[in-house]
Amino acid sequence: MKKLFLVFIAFVAVISLQAQTNLKLNPEKNKIYRFRAVSDQNVSQTVNGVEQNTNVTSTTIIALKMLDATPQFMIIEVRFDTVQTKSNAMGKMVIISSANEGNMASEEASDVMSAVMNRLSKNPLF
């Protein structure tokens, strides 16, 4: 009975390992796949006896469209639909968003980054 049970466990383990190695990315041509990544970070640190808290929320939505594929590589169009980061550090709220036009000549880093993210979201990458 013990031998039968051990053989069964070994068989299940081998089958599961074999199934995992056969997984492949098989996207369809000209079909759009959207991925959403959301991240919440809370950082608390003490500097010279003063506690500082930073909260960062990031949201990124990416659209992938396969244009062509060969056995060696795939040609995929990548678009950043939405890139948004909200940061609250010591009471100062900073918002970087691809929806805002931004300003490359601004003294605020958030305006410059918003301009970069806006341009990135308008043009596809291949």
Side-chain angles (χ1 to χ4, degrees):
M1 185 72 173
K2 288 181 184 179
K3 288 181 182 180
L4 182 62
F5 182 70
L6 290 175
V7 169
F8 177 74
I9 295 294
F11 179 72
V12 170
V14 169
I15 294 294
S16 67
L17 288 175
Q18 186 178 10
Q20 290 177 5
T21 59
N22 290 333
L23 294 176
K24 294 181 182 179
L25 179 64
N26 194 15
E28 298 176 20
K29 278 189 177 182
N30 297 322
K31 187 174 180 183
I32 296 174
Y33 298 92
R34 284 189 167 46
F35 297 96
R36 181 176 184 199
V38 178
S39 170
D40 289 322
Q41 300 173 351
N42 296 316
V43 179
S44 180
Q45 62 185 1
T46 303
V47 178
N48 293 332
V50 178
E51 186 173 316
Q52 297 176 348
N53 294 319
T54 304
N55 301 326
V56 180
T57 302
S58 298
T59 304
T60 305
I61 300 174
I62 300 172
L64 302 174
K65 180 180 178 183
M66 188 182 77
L67 303 175
D68 195 14
T70 65
Q72 289 80 21
F73 64 93
M74 289 189 285
I75 299 173
I76 296 177
E77 177 184 302
V78 179
R79 288 189 178 267
F80 290 93
D81 292 341
T82 305
V83 179
Q84 183 173 4
T85 303
K86 293 180 184 178
S87 174
N88 184 358
M90 296 185 301
K92 182 179 180 187
M93 180 66 94
V94 177
I95 299 174
I96 301 170
S97 177
S98 63
N100 297 338
E101 288 288 326
N103 183 4
M104 289 297 284
S106 176
E107 302 230 350
E108 287 289 324
S110 61
D111 287 342
V112 174
M113 287 302 297
S114 290
V116 170
M117 294 301 169
N118 183 276
R119 290 182 186 169
L120 185 64
S121 68
K122 289 182 178 178
N123 300 313
L125 301 173
F126 294 94

Take T85 and V56, measure what side-chain contact (heavy atoms from CB on, under 4.5 Å) needs, and give me the verdict at the end.
-> CA-CA 7 Å; T85 303; V56 180; 3.9 Å; yes

CG/D40 to NZ/K86 distance, rounded to the nearest 0.5 angstrom?
-> 10.5 Å

Minimum heavy-atom distance M74-A69, with the two atoms named = CG-CB, 3.9 Å

Minimal non-hydrogen separation, N88 against M93, with atom names = CB-SD, 4.2 Å

hydrophobic_cluster_shared for F35 and I76, side chain cutoff 4.5 Å | yes

From K29 atom NZ to L67 atom CG, the distance as rounded to the nearest 0.5 Å = 9.0 Å

Tightest non-hydrogen contact, residues M104 and V112, listed as O-CG2, 3.8 Å

Please name the pair of heavy atoms, one in K122 and one in R79, separated by the smallest distance, quoted to 0.1 Å.
-> O-NH1, 3.5 Å

CG/N42 to OG1/T57 distance, rounded to the nearest 0.5 angstrom?
-> 7.5 Å

Mind checking the OG1-CZ spacing from T59 to R36? Nearest 0.5 Å is all I need.
-> 5.5 Å

Do L64 and I32 come within less than 4.5 Å of each other through their side chains, counting heavy atoms only?
-> no

Measure the spacing between CG of D68 and CD of E77 and express it to the nearest 0.5 Å.
-> 13.5 Å

So among M66, E28, K65, which one has a side-chain contact (heavy atoms from CB on, under 4.5 Å) with Y33?
-> E28

